[in-house]
Amino acid sequence: MSNQECAVNRARVLGRLEEISRIGALENGGVCRLALAPEETESRARLIGWAQALGCVAYADAIGNLFLRFGNVGSNEAPVLVGSHLDTQPVGGNFDGVLGVIAALECVEVLSSQSDRAFLPVEIAIWCNEEGARFNPTTMGSAVHAGHFPLADALAITDAGGQSVEAALRQATASLRAAGISLAPRELAAKYRAYVELHIEQGPVLENEGSAIGVVTDIQGLVQYRVEVSGMAGHAGAVPMEGRQDALTRARALMADIDKELAAIDGLRFTIGRIDVAPGSINTIPARAEFTLDVRHPESDVLTRSAEQIERFRGRAQFTRLIYQAPIPFDPEIVRTIETVAQHRGLGSRRIVSGATHDAAHVAALCPAGMIFVPCRGGISHNENEYCAPDHIIHGTQVLVETVMALAGEPGQ
Ligand code: GLV
Ligand code: MN
Ligand code: MN
């Protein structure tokens with residue numbers, strides 16, 4: 001097959017990205033499409049419409065992951081899965097997640113134009129609540145699908161306004177039904193031939209080195225905590241400074257000590273991303289302070305040691321582990337396939353460890369999995385200024401399409 005026959009359609013890919021970026025658009029160029037919120041549901045409806053026009057059938061599992069199946073619909077033949085997510089951070093960018101979904105759709109576009117060749121079924125996966133910004137934890141949908149997180153526990157999780165995943169899912173499904181979209185049921189932990197995901201790097205390595213394609217070999221490990229510090233409320237003006245039991249003062253000191261300890265560990269990345277203070281009044285001494293802690297490293301033993309060091313501070317606060325995910329290696333055959341495809345296209349590539357976690361980390365437990373990264377400007381992501389140049393989008397999409405074609409090509413073809 002010539003390069004021309006499986007070339008992605010540049011205008012179609014860029015046009016669709018632009019169209020989805022208008023759903024939940026923010027004033028400064030970013031986007032807000034929280035998991036299962038009306039904006040995310042609208043973007044899912046748009047994707048389903050495009051896929052159905054190509055003959056895909058839409059399925060959903062019990063946690064709201066969507067699967068758009070192309071080819072051999074009705075059979076239970078294990079498909080090649082390709083996808084990402086449409087939810088975003090509250091102030092998110094226009095490429096994190098959506099790029100992988102639009103590129104997955106382009107795989108189906110190209111396959112549908114290859115009527116003279118036989119392929120295994122291919123399914124577009126749109127994972128639910130990858131970001132974990134509305135409902136904690138991150139990668140919730142794929143974790144439940146892979147059996148790494150109990151379904152009942154996930155359905156009971158609530159957002160800041162008290163709405164549960166179950167209620168939000170019911171609402172989103174009802175909106176899709178009102179738009180004439182019905183979803184066939186899909187079991188959890190279904191069988192797949194392989195999984196591939198295209199994503200922006202979200203870091204600076206590819207851009208700094210001038211590599212067009214990152215061939216992801218592993219996802220670094222992650223441990224996340226909720227840390228709760230208690231104190232006693234009192235009047236901000238009337239209670240003397242000495243003898244106060246200010247929960248936030250205690251939390252600030254604890255944060256500084258954790259920072260100092262973790263900064264000494266080579267290659268460790270740690271973030272305090274949220275602080276909540278109760279009762280949260282300008283003239284009341286905080287009775288409770290809560291913060292989150294996100295810690296990552298590519299080596300399992302370093303991550304475990306860091307977690308032990310953090311938990312030695314238990315006497316000063318209550319530490320709840322929200323997630324512990326060991327580093328995930330990807331399938332070496334898929335890594336080689338991606339490399340070969342990039343080389344055939346004349347694209348410079350380099351192997352890379354993913355700093356962010358992704359749904360692929362969970363899907364890797366179900367089937368051989370891999371990821372393709374493309375550079376994003378300045379390595380900026382989870383930020384309205386996130387930007388991926390059109391050439392990078394098209395190169396990444398092209399490598400994804402040809403990787404999927406290689407994985408879905410019938411043996412002997
Ligand atoms: C996902 O964005 C993560 O790495 O937390
Ligand atoms: Mn993402
Ligand atoms: Mn993200």
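Start at 1 and go down the list; that is how both ligands and their atoms are numbered.
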Check: His145 ring centre within less than 6.0 Å of Trp127 ring centre
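Centroid separation for His145 and Trp127: below 6.0 Å.
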Aromatic ring proximity Phe373/His358, centre distance under 6.0 Å
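Aromatic pair counts; centres sit under 6.0 Å.
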N, O or S from His199 under 2.8 Å to the Mn ion (ligand 2):
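Checking His199: at least one N, O or S atom is under 2.8 Å.
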Any side-chain donor-acceptor pair under 3.5 Å between Thr41 and Arg46?
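No.
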Can you tell which of His382, Arg296, Gln325 gets a heavy atom nearest to atom 3 (C) of ligand 1?
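Residue with the shortest heavy-atom distance to the ligand atom: Arg296.
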Counting from 1, what ligand 1 atoms have a heavy atom of [X] closer than 4.0 Å?
X: Ala356; result: 4 (O)
X: Glu131; result: 2 (O)
X: Glu130; result: 1 (C), 2 (O)

Hey, is Glu333 close enough to Arg336 for a salt bridge, meaning N to O under 4.0 Å?
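Yes, charged N to carboxylate O under 4.0 Å.
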Whether the side chain of Arg33 engages the backbone of Ile23 through a donor-acceptor N/O pair (distance < 3.5 Å, no angle test) should be reported.
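Judged by distance alone, yes, a pair lies under 3.5 Å.
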OD2 (Asp96) to the Mn ion (ligand 3) to NE2 (His382) angle, given to the nearest 10 degrees:
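Rounded to 10°, it measures 90°.
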Return the orientation label for the His362 and His148 ring planes: parallel under 30°, perpendicular over 60°, tilted otherwise.
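Rings of His362 and His148: tilted, as their planes differ by 30° to 60°.
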Do any N/O atoms on Thr357 end up under 3.5 angstrom from N/O atoms on ligand 1?
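Right, the criterion is met.
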